[in-house]
Amino acid sequence: MGKLLKNKNVLVMGVRNRWSIAWGIVKAAHKEGATLIFTYQGEREKEDAENLAAALGCKSVYPCDISSDQDIDGLFSRIKEEYGVIHGLVHAIAYAKSEDIQNSFIHTSRDGFAIALNISVYSLIAVSRRAKELMTEGGSIITLTYLGSERVFPGYNVMGVAKAALEASVRYLAYDLGPLGIRVNAISAGPIKTLSAKAIKNFSGILDDVEKKAPLKRGVTQEDLGDAALYFLSDLSRATTGEVVHVDCGYSVMGVMT
Ligand code: NAD
């Protein structure tokens, strides 16, 4: 076991199953000695989350529907009671209604827009505000974004708009929390097969394109993203905040291929 995250309590929100990006981050953080706290969305995810946590010997696994202030308050008061302080928070949560990523963007409904922005963006602000109270020794907050915030990927639709707002929120949160020694950054992950990704139209075409065009000639893995998160969660990134770092095998730097 390494010790990059020794004596650090890290809260990870968004482990749905063993394919989740958040699970890759959990595994990497566990190897580096972090004490991990997990959340799952609700009853449906309980068994999977508890089985995964048990595999690492992690006892703190709590439900939290991020659209509920009551759930978020309950979670943070429980963590305060049990741990007193946290040093890391991973926000790996996003959601959009299926019709809003199946139809053309122009047909996005008012309700669908509000839901996508609430779950995928406002939630970062909501949890950061509570985390601030427990990050009394400074800390690091990470969220996950995608290139669809900067460029058009047909089918990513309202989620692209949500990710653009998420990245702007990272910068504003970094400004608010910097004086407290709390850093806020985003990893812009290359595409990777997860339950959420399955909902995106032509996702396998997106994966193929990365393998073909990315300078590293491959797609990213869960391990690549876990290791990138270690940089942000650890003191190695002590002077970096408000950033969006692409971890995508270089795909985002490419123009049109001849
Ligand atoms: P995933 O399906 O494994 O994780 C998404 C998580 O969001 C799940 O744990 C789900 O329970 C949670 N969630 C949704 N609504 C919630 C709610 N109301 N309350 C609590 N939790 C809720 O998929 P993933 O791909 O690992 O997604 C994690 C993050 O990574 C997301 O922000 C996603 O947009 C981002 N991302 C994914 C990719 C990719 O290609 N998979 C690329 C870039 C960024």
Side-chain angles (χ1 to χ4, degrees), residues 11-27 38-49 52-53 61-72 74-75 90-98 101 114-124 126-127 141-151 153 155-167 169-170 186-211 214 219-226 228-229 244-249 251-252:
L11 168 62
V12 181
M13 307 185 79
V15 180
R16 172 68 186 85
N17 55 34
R18 66 193 171 91
W19 293 282
S20 295
I21 292 174
W23 179 240
I25 297 175
V26 164
K27 285 188 291 182
F38 283 38
T39 66
Y40 57 90
Q41 183 177 350
E43 245 349 89
R44 212 178 39 165
E45 291 82 20
K46 186 174 194 277
E47 197 180 333
D48 279 356
L52 287 171
V61 193
Y62 308 124
C64 180
D65 184 323
I66 207 110
S67 62
S68 154
D69 282 329
Q70 203 184 339
D71 271 24
I72 299 175
L75 169 73
V90 179
H91 170 276
I93 288 177
Y95 175 77
K97 286 167 85 173
S98 57
I101 43 179
I115 289 176
L117 275 280
N118 183 25
I119 306 290
S120 316
V121 186
Y122 181 74
S123 60
L124 176 69
V127 294
I141 297 172
I142 317 178
T143 188
L144 272 300
T145 185
Y146 178 58
L147 190 60
S149 63
E150 303 166 54
R151 306 205 192 144
F153 288 84
Y156 200 60
N157 297 359
V158 69
M159 194 48 76
V161 175
K163 291 304 190 191
L166 183 73
E167 291 170 20
S169 303
V170 162
I187 293 173
S188 184
I192 173 165
K193 269 187 197 154
T194 63
L195 200 63
S196 297
K198 269 193 185 165
I200 308 297
K201 241 191 316 190
N202 188 30
F203 188 73
S204 56
I206 293 176
L207 282 175
D208 290 348
D209 203 50
V210 170
E211 281 181 23
V220 294
T221 64
Q222 211 187 33
E223 288 72 28
D224 294 329
L225 299 172
V244 177
V245 171
H246 295 92
V247 181
D248 62 355
C249 296
Y251 181 77
S252 54

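Both ligands and their constituent atoms are indexed starting at 1 by order of listing. The first residue of the sequence shown is numbered 1, and numbering continues consecutively from there. Atom set for the values below is all heavy atoms of this structure, side chains included, hydrogens, waters and symmetry mates excluded. As the structure is a prediction and not an experimental result, all values here were calculated from the model.
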Query raised in the report: Counting only heavy atoms, which portion of Thr194 has something under 4.0 Å from ligand 1: side chain, backbone, both, or neither?
Result: side chain
Query raised in the report: Which one holds for Ile119 and ligand 1: side chain close, backbone close, both close, or neither close, with close meaning a heavy atom under 4.0 Å?
Result: side chain
Query raised in the report: Who passes side-chain hydrogen bond (donor to acceptor under 3.5 Å, both in side chains) against Asp65, sequence neighbours left out?
Result: Ser67
Report task. Compare Ser196, Ser67, Ser188, Ala92 and give the one whose heavy atom is closest to atom 6 (C) of ligand 1. Result -> Ala92
Query raised in the report: Taking only residues two or more places apart in sequence or in another chain, which ones pass side-chain contact (heavy atoms from CB on, under 4.5 Å) with Arg151?
Result: Leu147, Phe153, Ser252
Query raised in the report: Is there side-chain contact between Tyr251 and Asp209, with at least one heavy-atom pair below 4.5 Å?
Result: yes
Requested in this report: For ligand 1, note which part of Ala189 has a heavy atom under 4.0 Å away: side chain, backbone, both or neither.
Outcome: both
Requested in this report: Would you indicate whether Lys193, at its atom NZ, is surrounded by more than 12 heavy atoms from other residues, nucleotides or ligands within a distance under 6.0 Å?
Outcome: no
**Report entry** Which segment of Lys193 sits under 4.0 Å of ligand 1 when only heavy atoms are counted
**Finding:** neither
Query raised in the report: Are Phe38 and Tyr62 close enough that their ring centers fall under 6.0 Å?
Result: no
Query raised in the report: With a 4.0 Å heavy-atom cut-off (strictly under), which part of Thr143 contacts ligand 1: side chain, backbone, both or neither?
Result: neither
**Report entry** Leu144, Thr145, Asp248, Ile72: member with heavy atom nearest to atom 43 (C) of ligand 1
**Finding:** Thr145
Query raised in the report: Closer than 4.0 angstrom: is that true for some heavy atom of Phe203 and an atom of ligand 1?
Result: yes
Requested in this report: Would you please determine whether Cys64 falls within less than 4.0 Å of ligand 1 on a heavy-atom basis?
Outcome: yes
Query raised in the report: Is the shortest heavy-atom distance from the side chain of Lys27 to the side chain of Glu223 under 4.5 Å?
Result: yes
Query raised in the report: Hey, is Thr39 touching ligand 1 through its side chain, its backbone, both or neither, going by heavy atoms under 4.0 Å?
Result: neither
Requested in this report: Compare Ala22, Ala94, Ser120 and give the one whose heavy atom is closest to atom 14 (C) of ligand 1.
Outcome: Ala94
Report task. Tell me, please: is Lys163 in heavy-atom contact with ligand 1, that is, under 4.0 Å? Result -> yes
